[in-house]
Amino acid sequence: MNKIRNIKGTKDLLPDTTFIWQELEEKIHHFNQQFGYKEIRTPAFEESDLFKRSVGSETDIVNKEMYSWIDQGGNNLTLKPELTAPVTRAYIQHELGKSNPINKLYYIDALFRRERPQKGRQRQFHQFGVEVFGSKFPEQDAEIIIMAFTFLQSLGLDDISLEINTIGSKSIRGAYITILQDLLNKYRQDFSAIDKQRLDKNPLRLFDSKDLKCREIVNETAPTIYDYISKEDRLHFDNVCSILNDSGIQYTHNQKLVRGLDYYTRTTFEIKSSSLGSQDALCGGGRYDELVEQLGGTSTPAVGFAAGIERIIMTLENQIQRSHKSIDIFMILISSDALSPGMNLANNIRNKCNLSVITETLRRSMRSQMREANRLNANYSIIIGEDEIKSNTAIIKNMQNGEQINMDMDKIINYFIKG
RNA sequence: GUGACUGUAGCUCAGUUGGUUAGAGCACCUGUCUGUGGCACAGGGGGUCGUGGGUUCGAUGCCCAUCAGUCACCCCA
């Protein structure tokens with residue numbers, strides 16, 4: 001019989017790495033609470049239409065990467081490939097805007113995209129992010145950009161860089177794309193097959209083509225979107241920049257920064273790490289002022305970002321030292337008569353002293369149990385064998401200095417309370 | 001979806017110009033130590049050399065296919 005394996009592009013997090021996740025998740029909760037953001041959790045799957053209408057039916061995510069299926073009731077469902085759309089859906093559905101003019105939300109969640117796995121890319125992966133509904137003002141853009149950047153900095157990541165851009169409103173972007181296509185069509189024969197596809201489907205991507213010649217043509221002949229956006233858009237962007245300037249955070253205005261999802265308007269940004277390889281974006285986000293209305297809510301400005309947890313952990317990996325977590329007490333039980341008294345004692349210590357206690361369940365030799373206590377880095381071991389049962393005592397051994405004392409059972413709790 | 005590279009013990013990897021019982025280090029188990037860890041020493045378990053086919057007297061090694069992994073493209077966190 002062949003063994004069943006995990007699905008391609010998914011990962012088991014084994015006990016020797018989960019502590020990293022736990023620590024990072026705690027930091028994310030703490031950090032967001034410091035900014036007054038509240039956690040939101042949405043279901044693992046949604047109606048497929050939600051993503052078609054928000055992310056964009058022409059995007060790769062929707063076209064070829066979604067895990068979709070028809071369920072037994074005939075509904076077309078999809079495992080969420082991103083989180084802005086579900087959170088926006090929840091915001092609209094529960095009328096969060098009615099009870100509060102501004103909603104500052106954050107999440108930590110698993111996402112699913114059927115892509116070919118590679119470094120920094122999986123089919124199930126995790127993101128944390130924030131979404132803010134209600135403020136159209138540049139200080140809100142700046143707040144979340146500062147949040148994203150300072151959080152990553154606080155983790156000790158040094159090789160990170162922040163790029164920001166503005167892409168105007170959706171209608172302006174549409175007009176700009178048409179201009180771009182008309183202009184660049186003249187050079188079509190000079191483009192590679194991939195870039196020809198881009199020209200038709202997503203000409204903004206031509207700005208960061210891997211093909212040097214293509215990049216050269218585009219850079220020399222094409223105007224950037226900054227030349228086309230409205231006065232208001234430009235003012236908004238300038239205000240975001242000036243707040244960032246005052247905050248002291250280093251950034252670059254990358255006029256070619258493009259985001260792949262349809263719903264973005266005005267501000268977009270990305271944080272990259274140079275230590276990641278080809279998939280170097282740790283965090284991406286921007287403003288999406290038109291999405292709420294587009295999904296059937298009353299027009300509400302919004303802005304948010306998402307950061308890849310696996311990618312963050314990867315960049316962290318060099319500096320993580322496998323902290324050998326210690327336990328407080330290992331309970332060595334030698335005779336079968338010792339099992340019940342030992343387990344009861346262990347429970348008492350857990351409850352009354354708030355210590356971690358592991359009890360032997362393998363009936364190993366004393367020597368093996370001692371080794372186990374040592375391997376687990378126990379501060380103390382408590383030994384109960386036949387002699388101790390007879391005299392209603394236990395041996396308490398300090399594993400650091402090897403000293404041990406014989407103690408009456410009913411005094412042990414007190415001993416550990418005093419600590 | 002396309003391309004390149006890689007698959008030998010739980011992990012990291014040697015190895016055979018095709019030759020009979022396939023190795024090391026770490027980890028694990030036991031003993032030296034009859035109820036006491038770390039150190040040391042001695043021993044032990046664990047592999048149909050990814051899977052299937054072909055060539056050959058003989059394949060872990062060569063050929064083909066297949067699966068899996070890794071990295072890159074596309075795209076994205």
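First the proteins, then the strands, lettered A, B, ... as listed; each starts at 1.
In this structure, rU17(B) makes no Watson-Crick or G-U wobble pair, since no nucleotide meets both defining distances under 3.5 angstrom. Using N1 to N3 plus N6-O4 or O6-N4 for Watson-Crick, or N1-O2 and O6-N3 for G-U wobble, each under 3.5 Å, rG58(B) pairs with nothing. Shown here, rA22(B) forms no base pair; nothing in the strands shown gives a Watson-Crick or G-U wobble contact with both key distances under 3.5 Å. The partner of rA72(B) is rU2(B), judged by Watson-Crick or G-U wobble contacts that both fall below 3.5 Å. Under the Watson-Crick and G-U wobble criteria, each requiring two contacts below 3.5 Å, nucleotide rU36(B) is left unpaired. Pairing for rA42(B) goes to rU30(B), judged as Watson-Crick or G-U wobble with the two contacts each under 3.5 Å. As the counterpart of rA77(B), no nucleotide is assigned, since no Watson-Crick or G-U wobble pattern has both distances under 3.5 Å.
At least one side-chain nitrogen or oxygen of R375(A) sits closer than 4.0 Å to the OP1 or OP2 atom of rC28(B).
R371(A) places its CZ atom 14 Å from the P atom of rG35(B), with the value rounded to the nearest Å. To the nearest angstrom, C1' of rC76(B) lies 15 Å from CD of E163(A). Regarding L257(A), its CG atom lies at a distance of 11 Å from the P atom of rC76(B), rounded to whole Å. Atom pair L376(A):CG and rG38(B):C1' shows a separation of 13 Å (rounding to whole Å applied). Atom CZ of R123(A) is separated from atom C1' of rC75(B) by 14 Å (rounded to the nearest Å). In this structure, the CE atom of M399(A) is 8 Å from the C1' atom of rU36(B), given to the nearest Å. Regarding D16(A), its CG atom lies at a distance of 17 Å from the P atom of rG10(B), rounded to whole Å. If you take CG of L14(A) and C1' of rC11(B), they are 12 Å apart, rounded to a whole angstrom.
Among residue pairs with one or both ends in residues 380-404 of chain A, none qualify as salt bridge (charged side-chain N to carboxylate O under 4.0 Å, His left out); sequence neighbours excluded.
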Acceptor/donor pairs from residues 145-155 of chain A side chains to any protein atom, 3.5 angstrom cut, sequence neighbours excluded:
residue : atom : partner : partner atom : Å
T150(A) : OG1  : I146(A) : O            : 2.7
T150(A) : OG1  : M147(A) : O            : 3.3
S154(A) : OG   : F151(A) : O            : 2.6

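The same atom, C1', is picked in rU32(B) and in rG37(B); the two are 16 Å apart, to the nearest Å. Comparing rU30(B) with rC11(B), their P atoms are spaced 22 Å from each other, to the whole Å. Comparing rA14(B) with rG53(B), their P atoms are spaced 29 Å from each other, to the whole Å. Comparing rC41(B) with rA27(B), their P atoms sit 12 Å apart, to the nearest whole Å. Nucleotides rC29(B) and rC71(B) have their P atoms positioned 33 Å apart, rounded to a whole Å. Comparing the C1' positions of rU20(B) and rC57(B) gives a spacing of 12 Å, expressed to the nearest Å. A distance of about 8 Å separates the C1' atoms of rU55(B) and rC62(B), rounded to the whole Å. Comparing the same atom, C1', in rG46(B) and in rA9(B) gives a spacing of 6 Å after rounding to whole Å.
Judged purely by distance below 3.5 Å, without hydrogens or angles, the side chains of N76(A) and S48(A) pair a donor atom with an acceptor atom. No side-chain N or O of D159(A) forms a donor-acceptor pair with one of S273(A) less than 3.5 Å apart. Side-chain atoms of E131(A) and Y288(A) form a donor-acceptor pair, as typed in the model, at a separation below 3.5 Å. Judged by distance alone, the side chains of D141(A) and T267(A) do bring a donor and an acceptor atom under 3.5 Å apart. Between the side chains of Y226(A) and H253(A), no donor N or O sits under 3.5 Å from an acceptor N or O. Counted by atom type alone, Q294(A) and K170(A) present one or more donor-acceptor pairs between their side chains at under 3.5 Å. Side-chain contact check for R371(A) and N374(A): no donor-acceptor pair (N or O, by modelled atom type) lies under 3.5 Å.
In this structure, A281(A) reaches the sugar-phosphate backbone alone: every heavy-atom distance under 4.0 Å involves primed, P, OP1 or OP2 atoms, never a base. Counting any heavy atom pair closer than 4.0 Å across all strands shown, G402(A) reaches a base atom. Among the protein residues, E386(A) comes within range of the nucleic acid bases, having at least one heavy atom under 4.0 Å from a base atom. Using a 4.0 Å heavy-atom criterion, one finds that I334(A) contacts the bases of the nucleic acid, with or without backbone contacts as well. Among the atoms of the strands shown, none is found under 4.0 Å from any heavy atom of I309(A). Using a 4.0 Å heavy-atom criterion, one finds that I383(A) contacts the bases of the nucleic acid, with or without backbone contacts as well.
Across the interface with RNA chain B, nearest-nucleotide mapping of T59(A) and I395(A) shows I395(A) to be the residue nearer the 5′ end. In terms of position on RNA chain B, the residue among G284(A) and N374(A) whose nearest nucleotide sits closer to the 5' end is N374(A).
Other residues, nucleotides and ligands contribute more than 12 heavy atoms inside 6.0 Å of the CD atom of E39(A).
Salt bridge absent: K80(A) and E46(A) never bring a charged side-chain N and a carboxylate O closer than 4.0 Å. A salt bridge does not link D49(A) with R53(A): every distance from a Lys NZ or Arg NE/NH1/NH2 to an Asp or Glu carboxylate oxygen is 4.0 Å or more. Under the 4.0 Å criterion applied to side-chain N and carboxylate O atoms, K27(A) and E23(A) are not assigned as salt-bridge partners.
Taken residue by residue, residues 363-370 of chain A places heavy atoms nearer than 4.0 Å to RNA chain B at M366(A), R367(A), S368(A), M370(A).
Relative to the side chain of Q404(A), the nucleotides rG1(B), rU36(B), rC75(B) differ in distance, and rU36(B) lies closest.
Here N6(A) pairs with T10(A), D12(A) under the side chain to side chain contact (heavy atoms under 4.5 Å, CB included) rule; sequence neighbours left out.
The side chain to side chain donor-acceptor pair (under 3.5 Å) test with T393(A) singles out one residue from D408(A), N406(A), D410(A), and that residue is N406(A).
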Extract from the structure each pairing of a protein N or O with an N or O of nucleotides 45-50 of chain B at less than 3.5 Å, listing the distance.
none

Checklist outcome for this item: 5' to 3', nucleotides 65-74 of chain B under a 4.0 Å protein heavy-atom cut-off (B base, S sugar-phosphate only, - none) gives ---SS-SBBB

